[in-house]
2 protein chains.
Amino acid sequence: MKEFEYLLSSLEKHMPLTAYEKKLIVSKLIYKHISKREILLKPGNVANYTIFVNNGCLRQYFINVEGVEHTTVFGVRGYWLTDINSFLNKCEAKFYIETVEDSEVILLSNDNQAELFELIPKLNIYFRMIYERVVSAKDERILSMLCSRADERFLQFLQCYPNLDSRIPQYLIASYLGVTPEFFSRMKSKMAQDLPKNKK
Amino acid sequence: MKEFEYLLSSLEKHMPLTAYEKKLIVSKLIYKHISKREILLKPGNVANYTIFVNNGCLRQYFINVEGVEHTTVFGVRGYWLTDINSFLNKCEAKFYIETVEDSEVILLSNDNQAELFELIPKLNIYFRMIYERVVSAKDERILSMLCSRADERFLQFLQCYPNLDSRIPQYLIASYLGVTPEFFSRMKSKMAQDLPKNKK
DNA sequence: TAGATTTCTTAATCTAGATCAATTGTTATC
DNA sequence: GATAACAATTGATCTAGATTAAGAAATCTA
């Protein structure tokens with residue numbers, strides 16, 4: 001039960017839960033330890049699960065026709081992650097989901113989620129609220145892609161994912177920012193150079 | 001009551017509603033006719049309402065420090081629109097919301113929405129599902145900004161908003177795509193030029 | 001229907017970031 | 001601890017799209 005503590009406390013931030021309800025919820029969940037660089041979802045497959053990140057870091061990414069990876073989102077502790085279109089419509093996923101470091105995740109299958117919505121309707125409140133916040137975060141990201149330069153987007157990334165930059169390879173950050181690793185490298189050293197100047 | 005028909009039918013696609021519930025819902029809504037270029041929300045104010053577009057077209061946009069407008073989303077018939085962060089947290093909005101053409105909208109205030117969630121809990125299902133789809137759409141847009149060129153993004157825009165391009169000025173489309181009006185103009189004529197070649 | 005305002009186009013020049021290619025660091029693996 | 005595989009840097013060149021500036025169309029509005 002300890003493994004589900006963090007998720008349950010996240011639920012209880014939004015609504016009270018009885019001991020029975022908690023037990024019911026946990027009975028529908030799968031806890032998993034996954035090591036670095038394991039693929040949880042691949043394009044072509046169906047996203048049968050939505051994934052709660054209990055520890056570690058995952059990412060969702062897309063590979064375009066030229067074979068270039070584009071990271072749409074990182075999932076760190078407390079994040080829910082899935083190819084939502086595939087999960088909702090049981091159609092083919094277009095995104096990969098992969099661990100970036102050794103991670104612990106909690107899986108909730110589409111069917112189990114549907115059952116839980118039936119049995120504990122107030123879970124709709126929880127997911128409604130989760131999605132509200134996801135929408136808000138995605139709006140920020142869209143805005144950032146629309147009107148910020150790569151260096152500003154990097155600063156926003158640092159805000160959004162504190163300390164993550166030291167945990168993951170920088171070509172992944174580049175793929176999240178939408179620049180090449182080469183450009184990111186140059187940009188980073190330029191920013192470090194300019195920083196002392198700004199401080200003066 | 002006729003004015004709310006489309007919204008109610010949209011609700012009923014997701015769940016059955018009794019006559020009483022429908023009446024209750026309608027009693028919490030405000031129907032409004034607004035003419036072109038009216039501003040419904042401004043940065044600095046709080047987004048007290050979420051807006052259902054019954055007819056016409058609105059857009060949400062941001063103005064950056066240089067005074068350049070960036071359109072994050074268009075709202076056409078059936079869309080819900082608000083500065084979600086401001087609406088949820090009653091904090092200052094950062095986005096404008098404005099009509100692009102004469103429009104009819106339905107306003108639902110934050111307080112009334114909360115009341116309705118209390119009185120008709122299954123509305124949580126509706127909004128949960130609406131937000132799921134919004135998240136999916138925003139994922140698409142993020143991906144598009146990350147890995148498509150402006151001309152490809154334009155084609156995606158046409159798919160996403162059929163016929164809208166003929167209804168709105170093209171500098172608005174440019175601001176949605178994230179390019180200057182000048183570049184958009186040139187790109188468009190280049191695309192028209194290249195089209196016949198592709199057909200051969 | 002004329003003038004004013006807004007929108008769109010075209011051209012010249014400029015820049016953020018891409019691409020290609022080579023080099024150096026850093027991690028894994030046997 | 002040597003070799004291979006992967007990650008990061010650096011430099012030269014190229015391009016999508018920005019900027020500035022001007023004029024042409026289209027639209028309002030009186």
Side-chain angles (χ1 to χ4, degrees), chain A residues 35-39 57 59 61-71 74 98-102 144-157 164-195, chain B residues 35-39 57 59 61-71 74 98-102 144-157 164-195:
Chain A
S35 49
K36 198 174 167 171
R37 276 195 161 273
E38 258 184 70
I39 292 179
C57 181
R59 70 180 178 117
Y61 62 99
F62 176 79
I63 300 188
N64 69 7
V65 280
E66 286 108 42
V68 181
E69 291 184 6
H70 297 276
T71 299
F74 291 105
E98 186 180 321
T99 45
V100 172
E101 33 180 44
D102 292 354
S144 159
M145 297 297 302
L146 264 181
C147 74
S148 300
R149 278 211 328 252
D151 52 353
E152 296 167 316
R153 294 204 300 274
F154 178 47
L155 297 175
Q156 290 156 11
F157 161 84
L164 188 60
D165 71 314
S166 62
R167 277 160 57 190
I168 67 180
Q170 67 183 40
Y171 68 87
L172 289 187
I173 303 178
S175 92
Y176 175 87
L177 298 178
V179 297
T180 57
E182 293 92 335
F183 181 77
F184 181 66
S185 167
R186 232 168 316 199
M187 185 181 86
K188 243 186 93 169
S189 67
K190 188 161 183 300
M191 286 171 85
Q193 223 176 61
D194 293 351
L195 205 72
Chain B
S35 50
K36 197 173 165 170
R37 275 193 162 275
E38 260 186 69
I39 291 180
C57 181
R59 70 183 179 115
Y61 62 99
F62 176 79
I63 299 188
N64 70 5
V65 279
E66 286 110 42
V68 182
E69 293 184 4
H70 296 277
T71 299
F74 291 105
E98 184 180 323
T99 44
V100 173
E101 36 180 41
D102 293 355
S144 160
M145 298 297 302
L146 264 181
C147 75
S148 299
R149 278 211 329 252
D151 51 352
E152 296 167 317
R153 294 204 299 275
F154 178 47
L155 297 176
Q156 289 157 11
F157 161 85
L164 189 62
D165 72 312
S166 62
R167 277 160 57 190
I168 67 179
Q170 68 181 39
Y171 69 86
L172 289 186
I173 302 178
S175 92
Y176 176 88
L177 297 179
V179 296
T180 57
E182 293 90 338
F183 180 76
F184 181 66
S185 168
R186 221 161 334 147
M187 185 182 87
K188 243 186 94 169
S189 67
K190 190 161 181 302
M191 286 171 87
Q193 223 176 61
D194 293 351
L195 205 71

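Remember, it's a predicted structure, so these values are computed and weren't measured experimentally.
Heavy-atom minimum distance, B:A150 versus B:V179: CB-CG1, 3.7 Å.
In this structure, CG of A:L146 is placed 11 Å from P of D:dA18, rounded to the nearest angstrom. To the nearest angstrom, C1' of D:dA8 lies 15 Å from CG of A:D165. Atom-to-atom, NZ of A:K188 to P of D:dA8 comes out at 8 Å; the value is rounded to the nearest Å. Put simply, CD on B:E152 is 14 Å from C1' on D:dG17, counting in whole angstrom units. As rounded to whole Å, 13 Å separates atom C1' of D:dC28 from atom CZ of B:R37.
Both B:P169 and A:T180 sit near DNA chain C, but only B:P169 has its closest nucleotide nearer the 5' end. Nearer the 5' end of DNA chain D, as judged by each residue's closest nucleotide, is the contact made by A:S189, out of A:S189 and B:V179. Comparing B:K36 and B:M187 by the nucleotide of DNA chain D that holds the closest heavy atom to each, the one mapping nearer the 5' end is B:M187.
Taking CG from B:D151 and CD from B:Q156, the interatomic distance works out to 9.5 Å, rounded to the nearest 0.5 Å. Note that CZ of A:R186 and OG1 of A:T180 are 7.0 Å apart. Values are rounded to the nearest 0.5 Å. In this structure, B:M187 CE and B:Q170 CD are separated by 9.5 Å, a value rounded to the nearest 0.5 Å. Within the model, atoms CZ of B:F184 and CE of B:M191 stand 8.0 Å from one another, a figure rounded to the nearest 0.5 Å.
None of A:K36, A:R37, A:R59, A:R167 except one satisfies the salt bridge (charged side-chain N to carboxylate O under 4.0 Å, His left out) rule with A:E101; the exception is A:R167. Of the listed residues (A:F154, A:F62, A:F157, A:Y61), just one forms a ring-ring contact (aromatic ring centres under 6.0 Å, His included) with A:Y176, and that residue is A:F157.
In the 5' to 3' direction, nucleotides of DNA chain C lying under 4.0 Å from heavy atoms of chain A begin and end at C:dA16 to C:dA28.
Of all nucleotides listed (D:dT10, D:dA8, D:dA18), D:dA18 comes nearest to the side chain of B:F183. In the set D:dT10, D:dT9, D:dA21, the nucleotide with an atom closest to the side chain of B:E182 is D:dA21.
In this structure, A:R149 reaches the sugar-phosphate backbone alone: every heavy-atom distance under 4.0 Å involves primed, P, OP1 or OP2 atoms, never a base.
When the side-chain nitrogen and oxygen atoms of A:S185 are compared with OP1 and OP2 of D:dA8, none of them lie within a distance under 4.0 Å.
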